Amino acid sequence: FVVKADPAKKVNLSFQNGNLKIEAIHKVRNVTKHYIDLITIKVDGKVIKTIKPEKQSSLQSEVIEVSLPELSKGTKIEVTTRCNEFGKKSAALVL
């Protein structure tokens with residue numbers, strides 16, 4: 001019985017001009033066979049967006065930008081990423 005987990009090593013979040021930038025550091029050898037396959041975005045605890053990439057942006061990381069123009073100061077954003085080979089990694093940001 002073997003269990004293999006390979007979540008993102010780190011998830012970096014930044015928010016500027018109504019855009020959330022998500023960078024999941026996840027080194028792979030093949031972006032179509034091993035990749036971040038699910039990104040869930042929560043705002044103040046409520047899921048507002050689920051993204052299902054079919055391949056990874058690069059061999060080093062998955063990078064995506066999402067427009068969230070209606071957010072105000074004090075809002076908490078939480079992002080969870082999942083590897084298609086198992087494993088999750090999360091990060092949070094308060095505006």
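For clarity, every value in this text was computed on a predicted model and none was experimentally measured. Position 1 is the first residue of the sequence, and the numbers go up from there.
- To the nearest 0.5 Å, atom CD of residue E70 and atom CD1 of residue I48 are 11.0 Å apart.
- Looking at I39 and I64, their side chains come closer than 4.5 Å, going by heavy atoms from C-beta outward.
- Shown here for A92 and K76, the closest heavy-atom pair between the two residues is CB-CE, 4.0 Å.
- Using a 4.0 Å cut-off between charged nitrogen and carboxylate oxygen, K52 and D37 do not count as a salt-bridge pair.
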Give every donor-acceptor pair under 3.5 Å between a side-chain atom in residues 7-19 and any protein atom, sequence neighbours left out.
from, atom 1, to, atom 2, distance (Å)
K9, NZ, D6, OD1, 3.3
N12, ND2, E23, OE1, 3.1

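- Checking side-chain atoms of Q56 against main-chain N and O of H26 turns up a donor-acceptor pair under 3.5 Å.
- Side-chain contact check for L38 versus I51: every heavy-atom pair is 4.5 Å or farther apart.
- For the atom pair CD of E85 and OH of Y35, the computed distance is 10.0 Å after rounding to the nearest 0.5 Å.
- Judged by distance alone, with hydrogens and angles left aside, the side-chain atoms of E62 form a donor-acceptor pair with the main-chain N or O of S57 at under 3.5 Å.
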| request: Give the intermediate values and the outcome of side chain to side chain contact (heavy atoms under 4.5 Å, CB included) for residues K49 and V66. | output: CA-CA 9 Å; K49 191 159 187 88; V66 179; 3.7 Å; yes
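- For the pair T50 and V47, the tightest heavy-atom approach, listed with the atom from each and the gap, is OG1-CG1, 3.9 Å.
- Between atom CD1 of residue I36 and atom NZ of residue K55 there is a gap of 15.5 Å, rounded to the nearest 0.5 Å.
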**Asked** Stepwise, does the side chain to side chain contact (heavy atoms under 4.5 Å, CB included) test hold for L95 with I77?
**Response** CA-CA 8 Å; L95 303 181; I77 303 170; 4.0 Å; yes
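- Side-chain contact between T75 and V94 is absent, with no heavy atoms from C-beta onward closer than 4.5 Å.
- Although no hydrogens or angles enter the test, the distance criterion places no donor-acceptor pair under 3.5 Å between the side chain of S61 and the main chain of V63.
- Rounding to the nearest 0.5 angstrom, the gap separating the CG atom in L93 from the CG atom in L20 is 7.5 Å.
- The side chain to side chain donor-acceptor pair (under 3.5 Å) search around N84 returns none, not counting sequence neighbours.
- Side-chain contact between T80 and I41 is absent, with no heavy atoms from C-beta onward closer than 4.5 Å.
- Within the 3.5 Å criterion, the main-chain N or O of K89 finds a donor-acceptor partner in the side chain of T81.
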- Task: Decide side chain to side chain contact (heavy atoms under 4.5 Å, CB included) for H34 and C83; before the verdict, give the C-alpha distance in whole Å, the side-chain angles of both, and the deciding distance to 0.1 Å.
- Result: CA-CA 7 Å; H34 182 190; C83 172; 3.3 Å; yes
